[in-house]
Amino acid sequence: MATEAPAHGGYLDILRAPHAARLLAGTLVGRLPNGTGPIAMTLFVRDQGGSYTLAGGLIAAYGVANAVGQPLLGRAVDLKGQPRVQLPAAVLSALGMVLFAFAGIGHLALAYAAVVIAGLFTPPLEGGLRALWPSVLGREDRVHRAYALDAVAQEVMFTVGPLLVTLLVAVRSPAAALLVINVLGILGALAVVLSEPSRAWRSATREAHWLGALRSPGLLALLGSFFFVGLALGSITVAAVAYADDRGTPSVYGWLMAALGLGALLGGTVYGARQWAGAPERRLRVLVLLLAVCYLPLMLTPGPVAMTGLSVLSGVFLAPVLACAFIVVDRHAPRGTVTEAFSWLVTTFGVGAALGSAVAGPAVELAGTTAGFAVAGAGGLVALLVLLATGRVLAAPVAPDDTARHAAGETVPTAVHAEKNAC
């Protein structure tokens, strides 16, 4: 069930809160290198005469390095604060991609080393923003609405980002696109870490445990599912390039990726306009099912206009899936590990996307573009199966010590104790 809520008014209420608009905008711009990196890297490799397999391999290396770095940097943020970690990481990540842009693919060892550096030091801005929302917004209902706005705003980036990369490639070159988006990334990170909430934020006291956030079985179940959601999305990145090459119109690629982001933007806006009854874990299963079903028509690979429409459809349930998953993470993250827990979500999603890119490249070369899109459909279905298989674990969220969390100044999500939640 769902009830109407004043979505636009609610979103405006969030954006009018002190620092909220700056934090959201800075995080989105700061994440631009990571969000558009696989697209820019694919176009760069193809421009240099490299194969789809090489592009997929480099993206996979970038994704795996990102997967290693995100939880480690997230844990460092929980322990040391945001400014001391986020900005140095952003600079190092940008330097790695600059090295890749200038070195090219002539020396593969250097190319792989450069993208590994870029991925390893990608700052955990996404998890950091979600850790900041409680201190910026206060009330639980506003924090939940901010999660939905966060997911919608991401899709603005994923809609505009590919178009920006395509424009930079058309006006200048793929190498220029890599350089520009990474400069923008540093500026975005700078805007966040210089803000008062970022400088003042401290994580709640955490229990010393080497597993950190991963000691939560429910979080592990969610991460397992999102690995395959990421795999589906990563395979689309490579398959869409192959589709554009088949049609002899490289610019179609940017339109397809922008259409996918537009679909997620529309879906997230509608989803955030309502307050949803029932446990978010159950709702997440339905949303992932719908996401998987909407990936399947991409295998039809019709003409560019119809394919753009299918790309919009394939993205409709992505933002709702993300918004609901953020609440599930909040319900299952052990106390004092909030940034790390959200970073693990980014990590598993990124590893899945990297594997999807690596699998889709050979699939396209061996069996054509349709096979690349088939990887996306399969990934979505497996993500659903993981949620179904782990339903019992997900039904038992972590029950934190409310008194201790209040004493630490941390907002206590009543969703931990309630059946009615708003994602």
Side-chain angles (χ1 to χ4, degrees), residues 1 63-64 67 70-71 147 151 209 211-236 267 271 276-296 298-299 314-334 337 340-360 363 373-399 413 415-421 423:
M1 293 180 59
V64 170
Q70 283 291 295
Y147 286 156
H209 197 291
L211 280 176
L214 294 184
R215 65 183 184 272
S216 166
L219 181 62
L220 290 175
L222 179 67
L223 298 181
S225 175
F226 263 69
F227 172 84
F228 291 101
V229 174
L231 183 146
L233 200 60
S235 65
I236 291 175
Y271 180 80
W276 299 88
E281 291 85 358
R282 293 197 297 269
R283 184 162 59 258
L284 185 61
R285 290 195 288 270
V286 176
L287 292 171
V288 170
L289 168 62
L290 295 171
L291 181 70
V293 169
C294 289
Y295 281 152
L296 297 176
L298 292 173
M299 291 188 292
S314 70
V316 165
F317 291 99
L318 180 58
V321 163
L322 292 173
C324 195
F326 299 157
I327 299 298
V328 175
V329 169
D330 194 34
R331 285 163 60 88
H332 290 270
T337 66
E340 182 187 343
F342 279 120
S343 296
W344 273 115
L345 186 68
V346 175
T347 287
T348 53
F349 194 88
V351 171
L355 181 60
S357 299
V359 170
F373 287 117
V375 175
L381 292 174
V382 175
L384 173 63
L385 292 176
V386 172
L387 290 178
L388 293 173
T390 58
R392 182 172 298 179
V393 171
L394 283 168
V398 171
V416 172
H417 306 292
E419 277 296 303
K420 182 174 285 189
N421 301 275
C423 286

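The shown structure was predicted, so the numbers you read here are calculated from the model rather than taken from an experiment.
Qualifying side chain to side chain contact (heavy atoms under 4.5 Å, CB included) partners for Ala353, counting only residues two or more places apart in sequence or in other chains: none. Taking Leu291 as the reference, Val229, Tyr295, Phe317, Leu318, Val321 meet the side chain to side chain contact (heavy atoms under 4.5 Å, CB included) condition, with sequence neighbours excluded.
One finds the SG atom of Cys324 at 5.5 Å from the CG atom of Leu287 (value rounded to the nearest 0.5 Å). The distance from atom OG1 of Thr348 to atom CG of Leu231, rounded to the nearest 0.5 Å, is 12.0 Å.
Using bins of under 30°, 30° to 60° and over 60° for the plane-to-plane angle, the ring pair Phe349/Phe226 lands in the tilted bin.
Ser357 contributes a side-chain N or O that, together with a main-chain N or O of Gly234, makes up a donor-acceptor pair within less than 3.5 Å. Remark: side-chain polar atoms of Ser235 are not paired, donor with acceptor, to backbone N or O of Ala360 under 3.5 angstrom.
Between His332 and Leu220 there is no side-chain heavy-atom pair separated by less than 4.5 Å. Residues Leu322 and Phe326 are in side-chain contact: their nearest non-hydrogen atoms beyond the backbone lie under 4.5 Å apart. Using a 4.5 Å heavy-atom cutoff, the side chains of Leu222 and Leu284 are in contact. Side chains of Leu355 and Val351 form no contact here, defined as non-hydrogen atoms less than 4.5 Å apart. Within the 4.5 Å cutoff, the side chain of Phe228 has no heavy atoms near those of the Leu385 side chain.
Closest approach of Thr347 and Ala67 over heavy atoms only: CG2-O, 3.0 Å. Ile236 approaches Leu298 most closely through the heavy-atom pair CD1-CD1, 3.8 Å. In terms of heavy atoms, Val393 sits closest to Gly218 at CG1-N, 3.4 Å. Heavy-atom minimum distance, Pro320 versus Gly267: CG-O, 3.6 Å. Contact between Leu387 and Arg285 at its shortest, heavy atoms only, is CB-CG, 3.7 Å. Taking every heavy atom of both residues into account, Gly380 and Ala232 meet most closely at N-CB, 4.0 Å.
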